[in-house]
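The structure appears right after this line, and notes come after that.
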2 protein chains.
Amino acid sequence: MTTSTREQFLAAAEQLFADKGFYGASIATIARKLGLTKQALLHHFGNKEKLYGEVLRALSERLAANNAAIRQRYPDPAEQLEEMLLAQFRGQMKNQDSARLIMRELLDNEQRADRAGNWYLKDYLEELVSTVQSVNSSYSRARALAVVYQLLGAAHYFAVSQPTLDNIFGKRQMAITRGCFEEQLRRLIRAALA
Amino acid sequence: MTTSTREQFLAAAEQLFADKGFYGASIATIARKLGLTKQALLHHFGNKEKLYGEVLRALSERLAANNAAIRQRYPDPAEQLEEMLLAQFRGQMKNQDSARLIMRELLDNEQRADRAGNWYLKDYLEELVSTVQSVNSSYSRARALAVVYQLLGAAHYFAVSQPTLDNIFGKRQMAITRGCFEEQLRRLIRAALA
DNA sequence: TTGACAGCTTACCATGCGGTAAGTACATTG
DNA sequence: CAATGTACTTACCGCATGGTAAGCTGTCAA
């Protein structure tokens with residue numbers, strides 16, 4: 001299993017952007033992780049903004065692929081939605097870099113000239129919204145979006161806060177909380193759709 | 001109503017930290033907003049990290065004061081919790097700088113040497129957790145934290161995403177969604193405690 | 001064998017960063 | 001009137017940043 005230099009750059013960049021944000025991460029530091037110079041990075045990606053865009057694109061493709069798989073496996077829309085949200089939660093708990101990266105993009109994309117990630121997020125959200133609507137057809141699009149966002153927020157916020165929460169409440173306490181979080185989240189999802 | 005230079009610095013800093021994050025915001029830019037030089041700022045706050053800490057402290061004091069007022073006004077814990085969460089949501093929708101600032105702190109505080117904001121957030125969270133426990137005494141501390149965090153996340157995530165959502169779905173659609181968000185949130189809060 | 005290209009390197013540059021040092025202008029106080 | 005302190009300024013520093021330019025090396029096709 002050989003990973004191309006390009007892919008290694010993308011992986012290293014994802015981690016550093018997640019840790020420090022777009023401004024805080026430097027391309028020289030990313031390159032140093034592979035033992036290369038920043039000019040090697042620039043050779044592959046042109047500039048920092050484009051690198052960031054590619055990282056985001058790769059991430060959103062992974063998200064979309066997951067949802068597509070779930071949509072295939074489960075016929076019932078209510079199950080689909082529940083599984084999509086829970087899968088996304090589990091994924092973000094496992095790969096917290098991706099969770100933090102999306103959160104940062106939510107915060108930053110207005111600031112940066114090129115709004116690289118907007119449109120990928122859009123597709124992802126639209127899919128969830130329309131799934132909610134097919135579960136509960138009395139919900140307007142606007143209300144379905146509110147529901148989706150609350151559930152997404154409940155999960156994403158927690159995933160992103162893990163290091164801070166470990167700091168505040170201690171690892172032991174948080175291990176227990178993590179243990180019951182998913183069950184509680186499932187409850188919340190069902191309540192929101194009832 | 002004269003605001004001291006110091007207070008003006010804090011206000012300007014809050015805004016810029018919220019916009020660009022700790023790394024992205026420069027003290028020179030903050031000072032320029034008041035027509036002063038960065039050395040004036042350094043005169044008042046010593047260094048960037050301390051300025052950031054003071055901004056966070058001021059913010060957390062506002063949060064604590066709001067909660068204290070609610071705790072006084074409402075005798076019933078269930079009402080207290082609902083009002084605290086909704087008040088926090090409304091506050092964050094009105095002052096989105098503060099919402100983004102807290103979110104950024106959640107993401108960044110592990111990275112920065114001095115973890116300025118940890119302990120303020122701690123008090124705030126503990127208060128909510130213990131309120132949940134007095135509403136539903138069958139919840140363990142760990143489970144109460146899970147519940148609190150889900151509800152907090154549902155609200156905070158939405159507040160923080162406003163500019164991005166406006167971009168994706170358009171201002172009209174989002175105005176409608178904002179209109180039904182709070183009612184939906186209230187439903188979610190009650191469901192989580194039942 | 002030559003030419004082109006991919007994948008790097010070193011060298012360099014202007015800009016902006018946080019921070020120090022030293023000084024100025026002005027008000028308050030002994 | 002002198003001393004002290006506050007609220008600023010200009011001047012400067014060393015360093016890291018994103019990006020450009022030019023060149024080196026190996027591969028591969030004509």
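The chains referred to below are lettered A, B, ... by the order of the sequence lines, with proteins before strands, and numbering in each begins at 1.
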Checking side-chain polar atoms at under 3.5 Å, does A/Lys33 have a donor or acceptor matched by the opposite partner on A/Gln8? no

Sugar-phosphate, base or nothing in reach of B/Ala31, heavy atoms under 4.0 Å: nothing

Is the shortest distance from a Lys or Arg side-chain nitrogen in B/Asp166 or B/Arg172 to a carboxylate oxygen in the other one below 4.0 Å? no

Step through it carefully: locate the ring centre of B/Tyr23, locate the ring centre of A/Tyr23, and say whether they are under 6.0 Å apart.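 Not close enough - the centres of the two rings lie 6.0 Å or further apart.
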
Report yes if the distance between the aromatic ring centroids of B/Tyr157 and A/Tyr157 is under 6.0 Å, otherwise no. no

What is the 5' to 3' range of DNA chain C, first to last nucleotide, that sits under 4.0 Å from any heavy atom of chain B?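 Nucleotide range with atoms under 4.0 Å of chain B: C/dC17 to C/dA21.
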
According to the interplanar angle, ranging from 0 to 90°, do the rings of [X] and [Y] count as parallel (below 30°), tilted (30 to 60°) or perpendicular (above 60°)?
X        : Y        : result
B/Phe17  : B/Tyr52  : perpendicular
B/His44  : B/Phe9   : tilted
A/Phe158 : B/Tyr149 : perpendicular

I'd like to compare against my own output: the B/S/- annotation of nucleotides 6-11 of chain D with a strict under-4.0 Å heavy-atom distance to protein. -BBBBB

Grab the two heavy atoms, one from B/Leu101 and one from B/Ala18, that are nearest each other, plus how far apart they are. CD1-N, 3.8 Å

Rounding to an integer number of Å, can you tell me how far A/Leu42 CG sits from D/dG18 P?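 My rounded result for the distance is 9 Å.
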
For B/Tyr23 and D/dC15, what is the distance between atoms OH and P respectively, to the nearest whole Å? 20 Å

Of A/Ser26 and A/Gly46, the one whose closest nucleotide on DNA chain D sits nearer the 5' end is A/Ser26

